[in-house]
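Below: the structure, in structure tokens.
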Amino acid sequence: MKRNISDRSLRSLLLLALLFGATGSYAQYKISGTVVNEKDKPVKGVNVYLDNTLDGGTTDSLGIFRFTTTEKGNQTIVASEVSHENAGMPIVITGDMSGIVLHMKSNKAHEMDAVVITAGSIEANDNNKTVLRPLDIVTTAGANADVVKAMETLPGTQQTGPDNGLFVRGGDANEAAILVDEIVVQNAFISGPPGVATRSRFGAFQFQGVSFSSGGYSAKYGQALSGILELNSTDLPDKSTVNLGINMAGVYASGTKKWKNSSFDVGANYNNLTPFYGLATTNFKFYKVPVGGGGNMRYAWKPNKDGILKISVNGSYMESGIAIPNSFSGIDTNSVINSNPFAKKFSDMGDTVNFVTKDQYYFTTVSYKQMWKAKYSLYTAASYSLDQTNNSFGTIPINETDHRGQFRIEGKDYFNNSVNLLVGTEMQAFGISKDYDTYFKQSFVETQVAGYAELEWTPVNRLAIRPGVRYEHSGLLNTDDVAPRISMAYKTGIHSQVSLASGIFYQDADNKYLLAGLKPGQQEAIHYIANWQYVKSDRTLRIEGYYKDYASLIRELYNVYDPNSYRFITDTTTVNNSGHGYAQGLELFWRDKKTVKNLDYWVSYSYINTKRLYENYPVSATPTYIADHNLNIVSKYFVEKWHTNFSATYSFATGRPYFNPNSAFLSDRTPAYNNVAVAVAYLHSFGKWFSVFYLSIDNITNQHNIFGYRYSYGANGLATGERTPIVPALYRTVFFGVNFSLTQFKKDEL
């Protein structure tokens with residue numbers, strides 16, 4: 001199916017063309033000179049321009065500026081930079097001019113940081129103090145050192161409950177992509193039984209930076225209607241280290257050998273949750289506790305001071321068995337979608353079914369980054385992943401193989417301090433093969449090719465503009481789409497700024513439709529985002545509002561709603577792109593590391609109003625994974641005398657919609673969600689070994705949080721009124737462990 005570019009896409013492309021064209025207009029005369037301060041020292045980053053024109057440039061590290069203009073005759077040249085008073089002088093342009101010297105006076109009262117676009121994006125890296133650092137993830141109570149779980153304490157996300165994934169601003173788990181070094185990670189979560197949430201495959205210390213975008217993200221990325229979680233792996237370590245650890249889930253060991261320009265990392269782990277589940281009270285019967293292990297290797301090499309090569313290989317294996325509620329028990333046999341004999345066989349297995357999963361996962365990446373003369377950069381990366389899962393649902397084997405290969409290359413030209421252009425392309429080939437015993441087999445292979453360009457322009461020090469455009473082609477769906485995007489930010493004061501972002505985003509249909517051989521068109525979302533941010537003295541305040549317009553969502557065309565998320569989609573299911581919806585909301589984030597010595601806390605609040613008509617919804621409604629109000633309060637306090645870090649997290653969410661067959665569609669709500677998690681970390685040295693003993697308790701008050709209900713059906717296909725709650729595998733967890741390392745963290749890092 002070939003997709004036509006919409007009128008609004010064409011209008012957006014025209015706007016981008018004007019923006020790109022505005023920075024590259026032809027000029028006849030060359031103007032150059034130098035900007036210095038009171039001590040005749042060069043001033044970097046000064047915006048130099050002809051008054052009342054668009055012609056100008058920015059000084060480099062030597063204070064030199066160069067630009068071209070078509071103006072002539074009497075003009076005024078102006079130098080502007082926020083930490084200095086403006087300077088200017090009259091000039092007469094009759095031809096090329098050089099040797100101009102502008103003198104600026106310092107203005108300490110107006111110093112401010114450079115403007116940074118923040119709409120929809122939260123940075124979390126060691127060089128950015130805006131919100132979080134990787135170590136914050138480890139020391140956040142309730143996150144259990146899981147990168148994705150820690151993101152749920154930030155605005156725009158939902159508590160996942162029994163489901164895996166990031167649920168961002170009204171989108172389901174399929175609408176958020178997770179990337180490592182700009183490479184998409186297929187199957188980012190450890191495989192597990194249906195209805196039981198599992199950990200992501202990532203640990204915080206693997207990464208030097210984390211960027212979470214809840215909308216309006218860069219044209220570099222696509223195929224995510226809602227958000228992006230981007231993880232940047234570490235470069236060369238500071239020194240050689242050895243790490244050993246043991247906890248209630250298993251043991252692990254890792255080591256790093258550092259040479260002058262290279263390093264080699266190796267690690268291994270063995271997991272056996274027998275001690276953990278031996279002390280916990282579970283809501284499901286784990287007759288085969290999770291057991292597995294994994295290993296990883298990584299090599300990094302700097303061939304020169306501005307280049308780095310990184311190669312990593314990861315592999316893991318996990319096996320578990322659990323008795324779970326049978327989602328097909330008592331299904332409505334009149335439902336068109338469940339009328340096949342295989343679904344009927346599931347329904348005959350009883351209220352609970354023994355589910356066994358055996359998962360093998362492999363993921364390898366290679367990347368290289370090079371900078372030349374502080375002006376040009378090249379980045380290229382390739383990866384391959386393979387996930388083989390052998391499950392059994394009662395007596396029926398269900399086997400699945402997922403694979404993904406991808407390649408990306410991009411170049412960046414830093415024309416000057418105020419303009420740079422990024423151009424790149426990426427190719428992906430991925431697919432899934434799934435068979436249900438001898439009943440039937442489903443599979444698909446998709447090939448996607450994309451190209452993108454993104455301009456970063458800082459016409460003045462207070463203003464940054466980033467227009468971009470992305471082209472995507474789907475080989476499986478035979479579609480071509482153009483996605484224009486634009487974002488900008490303006491400094492409103494020394495410590496504050498406003499940011500705006502908008503763009504169009506496309507995504508394939510959910511895998512369950514592609515597996516069935518269905519080929520609907522791309523789904524679409526348009527984001528509109530505005531935020532205000534204030535940062536001063538380790539205090540951060542962000543207020544952000546957004547509106548998201550969904551179009552061309554997938555709809556199943558039949559009249560019977562089936563609440564079972566594991567229902568079967570077959571090639572007889574009729575679908576189209578007539579679905580639609582919206583999401584709008586307001587978010588707040590406040591972090592304070594200054595007021596009380598050794599105390600660090602943040603508060604995040606999200607309000608969302610959303611409805612959609614998609615998949616098998618009969619009418620437009622708020623989805624079952626949405627809570628209108630979400631609140632997280634995270635605090636950490638370090639007691640120097642005891643060498644101990646205390647942390648606590650309180651999470652609250654209002655009730656979520658659930659399907660009650662005896663009420664209006666998705667009109668009933670679950671009870672509110674409440675959770676209090678606490679953690680304690682004690683630091684101690686044994687000779688050269690630095691150790692951390694840690695204890696964490698999740699849901700310390702033992703709240704019986706409920707995420708929905710399953711209703712029973714009689715032989716006539718009608719609901720009986722009997723229901724069972726949908727709950728997590730455990731209400732409360734207790735976790736203890738110790739880590740030994742030759743690398744010591746400083747007190748102020750915890």
Side-chain angles (χ1 to χ4, degrees), residues 144 146 149 159-164 189-199 247-250 270-293 316-331 342-343 345-360 389-400 436-437 563-567 658 670-671 673 675 696-713 720 722-736:
N144 298 322
D146 188 332
K149 188 67 177 177
Q159 296 295 329
T160 55
D163 302 310
N164 284 332
F189 293 83
I190 298 171
S191 295
V196 178
T198 58
R199 291 178 58 87
N247 53 47
M248 294 174 63
Y270 170 73
N271 299 313
N272 189 322
L273 272 68
T274 299
F276 180 75
Y277 285 115
L279 297 177
T281 301
T282 62
N283 294 320
F284 306 132
K285 178 184 177 183
F286 284 84
Y287 65 89
K288 184 187 291 291
V289 298
V291 175
S316 64
Y317 175 80
M318 183 65 69
E319 179 178 351
S320 66
I322 184 174
I324 61 174
N326 184 2
S327 300
F328 297 90
S329 178
I331 59 173
F342 188 43
K345 185 175 181 65
F346 273 159
S347 69
D348 293 337
M349 291 183 181
D351 294 333
T352 61
V353 177
N354 287 341
F355 184 93
V356 176
T357 181
K358 300 178 181 179
D359 178 61
Q360 298 180 67
T389 305
N390 298 315
N391 299 328
S392 60
F393 193 92
T395 59
I396 299 176
I398 305 173
N399 301 313
E400 180 175 328
Y436 302 83
D437 197 11
N564 178 18
S565 59
Y566 301 100
R567 67 190 184 279
Y658 68 90
T670 64
Y673 173 92
N675 188 80
S696 65
I697 306 175
D698 190 42
N699 192 14
I700 193 171
T701 59
N702 201 31
Q703 295 287 321
H704 287 199
N705 291 307
I706 295 172
F707 297 92
Y709 296 92
R710 296 184 182 92
Y711 280 80
S712 299
Y713 291 83
T720 63
E722 298 180 2
R723 67 181 189 181
T724 56
I726 300 173
V727 297
L730 301 96
Y731 287 128
R732 179 168 57 196
T733 62
V734 179
F735 199 76
F736 175 78

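- Atom CG of Asn399 is separated from atom OG1 of Thr389 by 9.0 Å, given to the nearest 0.5 angstrom.
- Residues Phe707 and Thr670 form no side-chain contact, since every pair of their non-hydrogen atoms from C-beta on lies 4.5 Å or further apart.
- Taking Asn675 as the reference, Asp698 meet the side chain to side chain donor-acceptor pair (under 3.5 Å) condition, with sequence neighbours excluded.
- For the side chain to side chain contact (heavy atoms under 4.5 Å, CB included) test, residues two or more places apart in sequence or in another chain that qualify with Met318 are Ile190, Asn271, Pro290.
- Thr282 is linked by a side chain to side chain donor-acceptor pair (under 3.5 Å) to nothing, counting only residues two or more places apart in sequence or in another chain.
- In this view, Thr357 and Asn391 satisfy the side chain to side chain donor-acceptor pair (under 3.5 Å) rule, not counting sequence neighbours.
- Taking the side chain to side chain contact (heavy atoms under 4.5 Å, CB included) definition, one finds that Glu319 meets it with Lys288, Tyr317, Lys358, sequence neighbours left out.
- If you take CD1 on Ile697 and CG on Asn702, they are separated by 11.5 Å, rounding to the nearest 0.5 Å.
- Qualifying ring-ring contact (aromatic ring centres under 6.0 Å, His included) partners for Tyr709, counting only residues two or more places apart in sequence or in other chains: Tyr658.
- Expressed to the nearest 0.5 Å, how far CD1 of Ile322 lies from CZ of Phe355 amounts to 9.5 Å.
- Residues meeting the salt bridge (charged side-chain N to carboxylate O under 4.0 Å, His left out) test with Asp163, sequence neighbours left out: none.
- Here the OG atom belonging to Ser320 is positioned 9.5 Å from the CG atom belonging to Asp359, to the nearest 0.5 angstrom.
- Between the OH atom in Tyr731 and the NE2 atom in His704 there is a gap of 5.5 Å [rounded to 0.5 Å].
- The side chain to side chain donor-acceptor pair (under 3.5 Å) test applied to Thr733 returns no partner, not counting sequence neighbours.
- With sequence neighbours excluded, the residues satisfying ring-ring contact (aromatic ring centres under 6.0 Å, His included) with Phe286 are Tyr277.
- Residues passing the ring-ring contact (aromatic ring centres under 6.0 Å, His included) test with Phe189: none are found, sequence neighbours excluded.
- A distance of 11.0 Å separates CE in Met248 from OG1 in Thr274, rounded to the nearest 0.5 Å.
- Scanning all heavy atoms of the two residues, the minimum distance from Asn354 to Ala323 falls at OD1-CB, 3.7 Å.
- Under the side chain to side chain contact (heavy atoms under 4.5 Å, CB included) criterion, Asn247 pairs with Ala249, Tyr252, Tyr694, Phe735, not counting sequence neighbours.
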